There are 2 protein chains.
Amino acid sequence: MDSIKLSDKQLALIEKLGLIFENGLQPASARIAALLLVSDKLELTFDEIRELLNLSKSATSNALNLLLSMERIEYITKPGDRKRYFKSNLSDWKENMKTKFLEFDKVHKTMREVLDQRPHSTKDFNQGLEEFINFMEFMNREIPVLFKKWELSKK
Amino acid sequence: MDSIKLSDKQLALIEKLGLIFENGLQPASARIAALLLVSDKLELTFDEIRELLNLSKSATSNALNLLLSMERIEYITKPGDRKRYFKSNLSDWKENMKTKFLEFDKVHKTMREVLDQRPHSTKDFNQGLEEFINFMEFMNREIPVLFKKWELSKK
DNA sequence: TGCTTGGTTCTTTATTTGCAGAACCAAAAA
DNA sequence: TTTTTGGTTCTGCAAATAAAGAACCAAGCA
C-alpha cells in the first residue's frame, strides 16, 4: 500500500518548498502543496498523501479542504473508484500570483488616506510619503503592462 | 504627560494600517509602525508610544527593538535629553519594497530545482511548471527595469 | 442487511505567540 | 550618595494554532 516512495532529494525539496509555502499556508497544507509539485505521480489519493507525509487523517482532511477552497489544488475521480485523486492546480497559481502582485493596491489607498489627514506642518515627511505612494501607484499601473508583455512574448 | 491625542480618524487609520502591517510584523510592532505614519507628531518617545497605544513597557521595548533591527524605524536624540525619539524610516521602506519584490527569486530557483528532478513522463505538467517558472524569471528581470523607469520619471 | 471504504467532525493536547507585570539596571540628576 | 529616568530582561500566563486520535457517517459492496 505504501508503494509510492519519495527519494531523499524529493523529501528535501518538499521541506524546502514547504517552508516557502508556509508564507500564507499552515505547515500541513504547505507540505501537501509542495508534495503535489515534487512527486513523480501527480495525482495522489488521500491516503497516499497521508502516508507520504505522515499526517493524521484529520490533518490531511483539513489541509486538503483548505487547499481546495483556495483553489490551489483540485481533484479528479476515476470511474469505478470512490477515491479522489488530488493534484496541483498550476493554472490557477498564475492567477493567484497576479492578484498577489496587485494586492498592495489596498496598501497605497490606505497610505493615501494617511497622507490626506496629515498636517501641513510636516511638509518634508508628507512629501516623502507622497513619493512612496506615487511609487506604489506607478507599480500598480505598470505591472499589468508587464503581464501583457509576458503574454505577447509567449507567442 | 498624555498631551498628544489621536483623533478618532487617526485611531481608525492606525487600526487599518496596523492590520496591513501584520503581514510580516507582530501586532504591537505593526501598530507602532502605523502610529509613526499617522501621528501629527512624527518623533515620539517610548512613553508616548506606550501610552498612545496602551502597551506595556516590555511590549513597547520589544516591538521598538524589532522595528529598529528591521530598520523600519530609527531614532534621534536631542541634546540634554536622555529620551530617544522614534520615527518612521520612510526611505528605507522603499528599499524594503524592492527587496520584497525580488524576494521570490528564491521561489523560482527552488521551483527550477523541482522541475529538474521531475520525470520526463509528466510532460504536460512539466511544461506548465516551466512556463510558470519562466514567468517568475521574466518578472524578476523586468521589475528592476521598472524601478529604473521610476527613478528616471522622477527627474 | 450488515461490513468496508473514504473520508469528516469532534475532542483533547502540545506548542507557539504576544503580551503584561515586576524585577532589574545603567546613566544622569539631585 | 541616593534618587530618578528611560528603558531592558525575566517570569509567567492567556489565547491562538496545529495537529493527533477517536468517534462518526454516508455511499457502495458483499
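Keep in mind the model is a prediction, meaning the values are calculated, not measured. Just so we're on the same page: letters track the sequence lines, and every chain starts at 1.
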Chemist: Quick one: label A:Asn54 by what it contacts on the DNA or RNA (base, sugar-phosphate, nothing), any heavy atom closer than 4.0 Å.
Modeler: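 Since only primed, P, OP1 and OP2 atoms lie under 4.0 Å of A:Asn54, the category is sugar-phosphate.
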Chemist: In whole angstrom, what separates A:Glu22's CD from D:dT17's C1'?
Modeler: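 Computing the A:Glu22:CD to D:dT17:C1' distance gives 12 Å.
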Chemist: Considering every strand and a 4.0 Å limit on heavy-atom distances, what is the contact class for A:Ala63: base, sugar-phosphate, or nothing?
Modeler: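 Here A:Ala63 touches no strand at all.
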Chemist: For atom NZ of B:Lys148, is the number of surrounding heavy atoms from other residues, nucleotides or ligands below 6.0 Å larger than 12?
Modeler: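 12 or below, so no.
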Chemist: Would you tell me if any nitrogen or oxygen in the side chain of A:Gln26 comes within less than 4.0 Å of OP1 or OP2 on D:dA19?
Modeler: yes
Chemist: Rounded to whole Å, please give me the gap between CG in A:Leu68 and C1' in C:dT8.
Modeler: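 Those two atoms, CG and C1', are 13 Å apart.
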Chemist: From NZ of B:Lys78 over to C1' of D:dG6, roughly how many Å is that when rounded to an integer?
Modeler: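 Taking NZ of B:Lys78 and C1' of D:dG6, I get 16 Å after rounding.
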Chemist: In whole Å, I'd like the distance from the CZ atom of B:Arg82 to the P atom of D:dG6.
Modeler: 6 Å
Chemist: Just wondering, are more than 12 heavy atoms of other shown residues or ligands nearer than 6.0 Å to CD in A:Glu15?
Modeler: no
Chemist: Nearest of D:dT8, D:dT4, D:dA26 to any side-chain atom of B:Phe46?
Modeler: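 Nearest to the side chain of B:Phe46 among the choices is D:dT8.
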Chemist: Compare the minimum distances between each of D:dA19, D:dG6, C:dT8 and the side chain of A:Ser61, then state the nucleotide with the smallest one.
Modeler: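 Side chain of A:Ser61 sits closest to C:dT8.
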Chemist: Can you say whether a donor on the side chain of A:Ser58 sits under 3.5 Å from an acceptor on the base of D:dG21, or the other way round?
Modeler: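 Result: at least one qualifying N/O pair found.
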Chemist: Test for a donor-acceptor pair under 3.5 Å between the base of D:dA19 and the side chain of A:Ser56, counting only N and O atoms.
Modeler: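 Absent.
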Chemist: Distance under 6.0 Å and angle within 45° of the ring axis: does A:Lys83 meet both against A:Phe46?
Modeler: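 Not satisfied by the 6.0 Å and 45° rule.
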Chemist: Select one nucleotide: of C:dT8, D:dG7, D:dA27, the one nearest the side-chain heavy atoms of B:Lys57.
Modeler: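 Closest nucleotide to the B:Lys57 side chain: D:dG7.
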Chemist: For A:Leu66 and C:dT9, give me the distance from atom CG to atom P, rounded to whole Å.
Modeler: 14 Å
Chemist: Rounding to an integer number of Å, can you tell me how far B:Arg84 CZ sits from D:dT5 P?
Modeler: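 Result: 17 Å.
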Chemist: Indicate whether the side chain of A:Arg118 and that of A:Asn126 have a donor and an acceptor atom separated by less than 3.5 Å.
Modeler: yes
Chemist: Report yes or no: is there a donor-acceptor pair, N or O only, under 3.5 Å between the side chain of A:Lys83 and the base of C:dG6?
Modeler: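 No such pair is found, so the answer is no.
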Chemist: Rounded to whole angstrom units, what separation is found between the CG atom of A:Leu55 and the C1' atom of C:dG7?
Modeler: 15 Å
Chemist: Under 4.0 Å from OP1 or OP2 of C:dT9: is there any side-chain N or O of A:Asn62 that close?
Modeler: no
Chemist: Do A:Lys87's NZ or CZ and the ring of A:Tyr75 fall within the cation-pi criteria of under 6.0 Å and 45°?
Modeler: no
Chemist: Nearest to the side chain of B:Ala59 - C:dT8, C:dC19, D:dA19?
Modeler: C:dC19
Chemist: Rounded to whole Å, how long is the line connecting atom CZ of A:Arg50 with atom P of D:dA22?
Modeler: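 Interatomic distance, CZ of A:Arg50 to P of D:dA22: 12 Å.
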